[in-house]
Amino acid sequence: MNDTSYLDGQMLLAMPGIGDPRFERSLIYVCAHSEDGAMGIIVNRHADDISFPDLLERLGIITNGEQIDLPNNVQEMYVHVGGPVETGRGFVLHSNDYFVADSTLPIGSAIGLTATLDVLRAIAEGDGPEQFLLALGYSGWGPGQLEAEILSNGWLHCEASDDLIFSPDLDQKYDSALAKLGVDPRLLSSNSGHA
């Protein structure tokens, strides 16, 4: 695979019948992809057992009484399930208006990924990125694994957009990505075939 065929900054859409319930109807933003493997964040699944203010409190960034002072967009934010790898670790996908040298991984020209407490503190104080998504864990593939899964009809991919990444309407993101590809979800098959 040459450099131009890597999927950094693209969206992966799980095909029906992917065979892994952790990824059913998942939409994943690919943060890094190379001959060494791939890493991405699921952007359309939230964690049921924790809110963003709860997480900030558990990490000691705020105390319970401080939740009242959080910006409104923080009060209402979901914590996402980013994938099954390192589920105790937080990752923030965000707009490029926030950048910290040696902490932020730029992905294309519009998106960054930061995995330090500094970005959470900045968000809690209202000084963080304009758009952001916090996920616990990530989705990862070893060398050649993602390519093999794509060839075996496990994933489709499309261009990413701010709406696909940051929209709060999680239920609609998957269908929006399919529409972007011109695919009717009713016509997708869980079977793959080769001519």
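Starting from 1, each residue takes its place in the sequence as its number.
- Residues satisfying the side chain to side chain donor-acceptor pair (under 3.5 Å) criterion with E159, sequence neighbours excluded, are Q10.
- Every residue meeting the salt bridge (Lys or Arg N to Asp or Glu O under 4.0 Å) condition with D175, not counting sequence neighbours, appears here in chain and number order: R25.
- Taking the side chain to side chain donor-acceptor pair (under 3.5 Å) definition, one finds that E149 meets it with W141, Q145, W155, sequence neighbours left out.
- Partners of A148 under the side chain to side chain contact (heavy atoms under 4.5 Å, CB included) rule, at least two apart in sequence or in another chain, do not exist in this structure.
- S167 is linked by a side chain to side chain donor-acceptor pair (under 3.5 Å) to nothing, counting only residues two or more places apart in sequence or in another chain.
- Residues satisfying the side chain to side chain contact (heavy atoms under 4.5 Å, CB included) test with D36, not counting sequence neighbours, are S34.
- A search for side chain to side chain donor-acceptor pair (under 3.5 Å) contacts involving S26 returns R45, not counting sequence neighbours.
- Counting only residues at least two apart or on different chains, the side chain to side chain donor-acceptor pair (under 3.5 Å) pairs with a member in residues 113-123 are H94-T114, T104-T114, D118-R121.
- The salt bridge (Lys or Arg N to Asp or Glu O under 4.0 Å) pairs that include a residue from residues 78-101 are E86-R89, where partners are two or more places apart or lie in different chains.
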Check residues 11-24 and write down every donor-acceptor pair under 3.5 Å in which the side-chain atom is one partner and the other belongs to a residue at least two apart or another chain.
from : atom 1 : to  : atom 2 : distance (Å)
D20  : OD1    : R22 : N      : 3.0
D20  : OD1    : R22 : NE     : 3.0
D20  : OD2    : R22 : NE     : 3.3
D20  : OD2    : R22 : NH2    : 2.7

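- For Y138, the ring pair (Phe, Tyr, Trp, His ring centres under 6.0 Å) partners are F91, not counting sequence neighbours.
- L170 pairs by the side chain to side chain contact (heavy atoms under 4.5 Å, CB included) definition with H46, Y78, H80, K173, not counting sequence neighbours.
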